[in-house]
Amino acid sequence: MQEDILNTKNQALAQLMSAESVNELEQIRIDYFGRSGKFTNLIKDIKKAPPEERKHIGQTLNEAKKSIETLLEGQKNSFKEVAREWFDPTIPGEKPDVGHIHLITLTIEKISEIFTRIGFERARYPEVESDYFAFEALNMPKNHPARDEWETFFVDVPENPKSGKTVLTPHTSSGQVREMLRVGKPPVRMINIAKCYRRQSDISHVPMFHQFEGLVIDKGISIVNLKGTLDYFAKAFFGKDRVTRLRPYHFQFTEPSFEIDISCGVCGGKGCKVCKAGWLELGGAGMVHPNVLKAGRVDPKIYSGFAFGWGVERVLMMREGLGIPDVRMIYSTDLRYLSQF
Ligand code: PHE
């Protein structure tokens, strides 16, 4: 009997060792411990043994049973482990979310690149600015009604006896005189791209927006140079078929002053629902006013210059194919919107 037990045990252990699946292990378990399993039968046989041997046989059976069960459990777990580690290289991976540069930053980079290609130098001037550079130096003395067009935010700090109140700069033109003073002696070729602030919020205005301001001062600069520069930009930014036109306008800091229109990209200039008779308004420009040159210590008898200042958000929205119904969406934090670009 003792020998039968040991043989059965060894047989079971050998089978368990060579089993290759959980199902096989289960079959072995049934073969040995099932209702008429080999081991179950041995247990039943105890009754047949002489009473003095039963205790000893019982112990041997118990030990054998334990070692079989231990191995069975171990094998089961090892199959589970393998299942967890099993790796299917054909399943498509989970891609992590990748961000991208904001639409406005991309546009600023593009504008900057277009102008630096033809010799402009990128500049940035304070967004918290004195009244002097924002208005006074631009030929708009205190209480001049033209100031009303820039719905300005004032910063609540004591007024400076020389430079006046402090404002959030309402346009990048406040960099014009600063640039002339920095350069000292012309030529000046500045492209100033910065944040601007105005008290306006509707579908075509955000209180914080961006402008890009060009300023060129040298001997013999005329409207021809302005027009050439604007056409170059229009083609580089909007497409080679686009052209610009100058429309008379008024600014205190340029004389003459213009509003610049660009031919409509949808109808090609014929006139459609999107444009005004074939043209879309881009922004302001003009020949730098002699008083502004003087404020920058540039002699208007020797030098002349042109300037233009346009909205980054505006040119972005006007570019073909970008149907943004409300400029404020550009600054939304909604990923469903932002991730389109
Ligand atoms: N600063 C003007 C504005 O904000 C635009 C402009 C710039 C006009 C330079 C003429 C010359 O509307």
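Keep in mind that this is a model prediction, so the values were computed, not measured.
Without hydrogens or angle criteria, R297 side chain to M180 main chain gives no donor-acceptor distance under 3.5 Å. Between the T40 side chain and the F33 main chain, a donor and an acceptor come within less than 3.5 Å of each other.
Neither side chain, D334 nor S332, offers a donor N or O lying under 3.5 Å from an acceptor on the other. Under 3.5 Å, the side chains of Q27 and D31 contain a donor-acceptor pair of N or O atoms.
With contacts defined as side-chain heavy-atom distances shorter than 4.5 Å, the pair F153/P170 does not qualify.
Other residues, nucleotides and ligands place no more than 12 heavy atoms under 6.0 Å from the CD atom of E3. The number of heavy atoms from other shown groups lying within 6.0 Å of NZ (K227) is above 12. Heavy-atom neighbours of E20 CD from other residues, nucleotides or ligands within 6.0 Å: at or below the threshold of 12. Taking a 6.0 Å sphere around CG of D88, one finds it holds more than 12 heavy atoms contributed by other residues, nucleotides or ligands.
With sequence neighbours left out, the side chain to side chain donor-acceptor pair (under 3.5 Å) criterion links E113 to R117.
Rounding to the nearest 0.5 Å gives a distance of 7.5 Å between CG of L72 and CZ of R29.
Between H171 and W150, the ring-plane angle classifies as tilted under the 30° and 60° cut-offs. Using a 30° and 60° split on the angle between ring planes, F308 and F212 fall in the perpendicular class, above 60°.
Under a hydrophobic clustering in which Ile, Leu, Val, Met, Phe, Trp and Tyr are joined whenever their side-chain heavy atoms come within less than 4.5 Å, directly or via other members, F209 and L168 fall into the same cluster. Residues L215 and V298 are members of one and the same hydrophobic cluster, defined by side-chain heavy-atom contacts under 4.5 angstrom among Ile, Leu, Val, Met, Phe, Trp and Tyr.
None of F237, F233, W310 except one satisfies the ring pair (Phe, Tyr, Trp, His ring centres under 6.0 Å) rule with F115; the exception is F233.
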